[in-house]
Amino acid sequence: MQLTWDHFERFKTRGLDARRAGQWDAARVYFLEAARVMVALSKQATTEPLAEARRATAEKLLDLAKDCEDAKSGNRKAPVANRKLETQSESNQGEEEGKNAADWIVKEKPALRFDDVAGLEDVKTDIKLKMLYPFAHPELAEKFGIRAGGGVLLYGPPGTGKTMLAKATAGEIDAAFFVISPADILSKWVGEAEQNIKKLFDEAAQQPRSIIFIDEIEALVPARRDDGSSVMQRVVPQILQSIEGFAKAGTGATMLMGATNVPWQLDPAMMRPGRFDEKIYIPLPDRPARLKLLEIYLGKRPLADEVKFETLVDDLDGYSGADIRYICDRSAVIPFMAAAASDTDDDSQHVITPAILKDVISDTPRSVTQEMLKRFDVFAEQR
């Protein structure tokens with residue numbers, strides 16, 4: 001099986017979730033798996049700088065796995081572990097000061113376009129009107145005092161394509177795409193967290209057009225509390241200051257895109273004008289989106305003549321894009337295994353049938369519940 005960026009994101013996300021919950025054994029395993037995937041991705045890199053950046057990311061994940069092991073042996077809880085990371089970051093400040101952001105920031109030029117993203121037509125139109133046009137028409141934007149860039153929050157249930165949409169946005173305007181996770185910023189081996197943020201924004205400002213994408217941004221700018229980590233007490237103001245700096249000369253072509261499944265956990269200061277000016281809800285795929293997802297994930301696989309996407313798409317109502325991809329992958333495994341175990345070379349009879357799809361769908365629960373959707377509705381109304 002070829003390891004992909006989706007595998008990395010899945011393991012990394014689960015590792016961060018487990019780490020925040022103090023589940024050290026699970027977090028360690030997920031970080032190790034994410035590191036293994038990143039090593040494989042480094043071998044697929046088209047340039048040596050990209051390969052080196054990915055290897056560095058793998059090393060940081062190994063460091064986080066080791067930190068989880070240390071946390072377990074010390075029988076510590078999550079807040080204490082945060083203080084440990086802070087202390088070690090400060091102890092390494094002198095060693096890391098002056099470190100080039102390009103040494104640890106993964107920069108891409110995505111080839112994705114909006115046409116590659118299933119559905120979300122209203123969302124894509126909103127992004128074009130409010131964000132992409134100032135990039136595409138800088139003279140007009142300057143004439144009318146329209147600022148290119150700024151802050152954009154993509155929020156919604158998990159598995160709805162927020163990361164893919166952010167990459168397609170960068171592809172539409174040919175922007176440098178900086179993919180950052182909270183672990184990159186807070187890693188104890190990279191230096192002080194607030195200095196890392198400054199390096200990140202400074203590096204992005206050197207590009208003609210750039211997008212900084214931070215997934216799970218709630219882990220980086222959570223609601224500040226008196227009993228929280230003092231690292232976060234410094235990180236949040238630095239991010240706010242960096243976003244407000246977009247309006248200054250030389251940094252107007254930088255956009256910060258954050259993605260979150262729990263927008264209510266973000267610091268309220270991020271929601272004020274001048275920060276995340278645009279807050280865009282990414283819903284579950286509608287019928288046209290589900291149809292396109294089926295064409296993407298099933299269209300090139302061996303199908304029985306009886307499989308009709310127009311009928312199948314109704315059975316997938318309420319499933320996320322990630323759910324649909326899993327269903328398609330799982331449905332392909334069944335005839336594949338049968339063909340591999342066959343004594344003949346004729347695999348024409350081993351195809352994905354309506355019965356296989358029906359069984360897989362019935363065995364796959366929807367990852368997004370009605371209760372989760374109601375909470376997003378409440379959040380949107382409050383905005």
How close do F379 and P263 get, heavy atom to heavy atom, and via which atoms? CZ-CB, 3.4 Å
Sequence neighbours excluded, the answer for side-chain hydrogen bond (donor to acceptor under 3.5 Å, both in side chains) partners of R14 is none
Counting only pairs under 3.5 Å, give me each side-chain donor-acceptor contact of residues 328-335, with atom names and distances, residues two or more places apart or in other chains.
unit_1: D329; atom_1: OD1; unit_2: R301; atom_2: NH1; d: 3.2
unit_1: D329; atom_1: OD1; unit_2: R301; atom_2: NH2; d: 2.9
unit_1: S331; atom_1: OG; unit_2: I327; atom_2: O; d: 2.8

Cationic N near anionic O, under 4.0 Å, E9 to K12: yes
Regarding D67 and R28, does a basic nitrogen lie under 4.0 Å from an acidic carboxylate oxygen? no
Applying side chain to side chain contact (heavy atoms under 4.5 Å, CB included) to K43 and not counting sequence neighbours gives V39
With sequence neighbours excluded, tell me which residues meet side chain to side chain contact (heavy atoms under 4.5 Å, CB included) with D286. P288, A289
side-chain hydrogen bond (donor to acceptor under 3.5 Å, both in side chains) filter on K167, not counting sequence neighbours, yields none
Taken in chain and number order and not counting sequence neighbours, the residues that satisfy side-chain hydrogen bond (donor to acceptor under 3.5 Å, both in side chains) with D305 are none
Near E142 CD, under 6.0 Å, is it more than 12 heavy atoms from other residues, nucleotides or ligands? no
For F8, which residues count as a ring-ring contact (aromatic ring centres under 6.0 Å, His included) partner, sequence neighbours excluded? W5
Side chains of T353 and K358 in contact at under 4.5 Å (non-hydrogen atoms): no
I'd like to check the side chain to side chain contact (heavy atoms under 4.5 Å, CB included) partners of K128; sequence neighbours left out, ordered by chain and number. F114, L132, Y133
Write out all pairs satisfying salt bridge (charged side-chain N to carboxylate O under 4.0 Å, His left out) with one or both partners inside residues 169-179, taking only residues at least two apart or from two chains. K109-D174
For R325, side-chain hydrogen bond (donor to acceptor under 3.5 Å, both in side chains) partners two or more places apart: D6
Residues two or more places apart in sequence or in another chain: which of them pass side chain to side chain contact (heavy atoms under 4.5 Å, CB included) with Q265? E218, V262
Strictly by ring pair (Phe, Tyr, Trp, His ring centres under 6.0 Å), give each pair with a member in residues 279-335 just once, sequence neighbours left out. Y155-Y281, Y281-F376
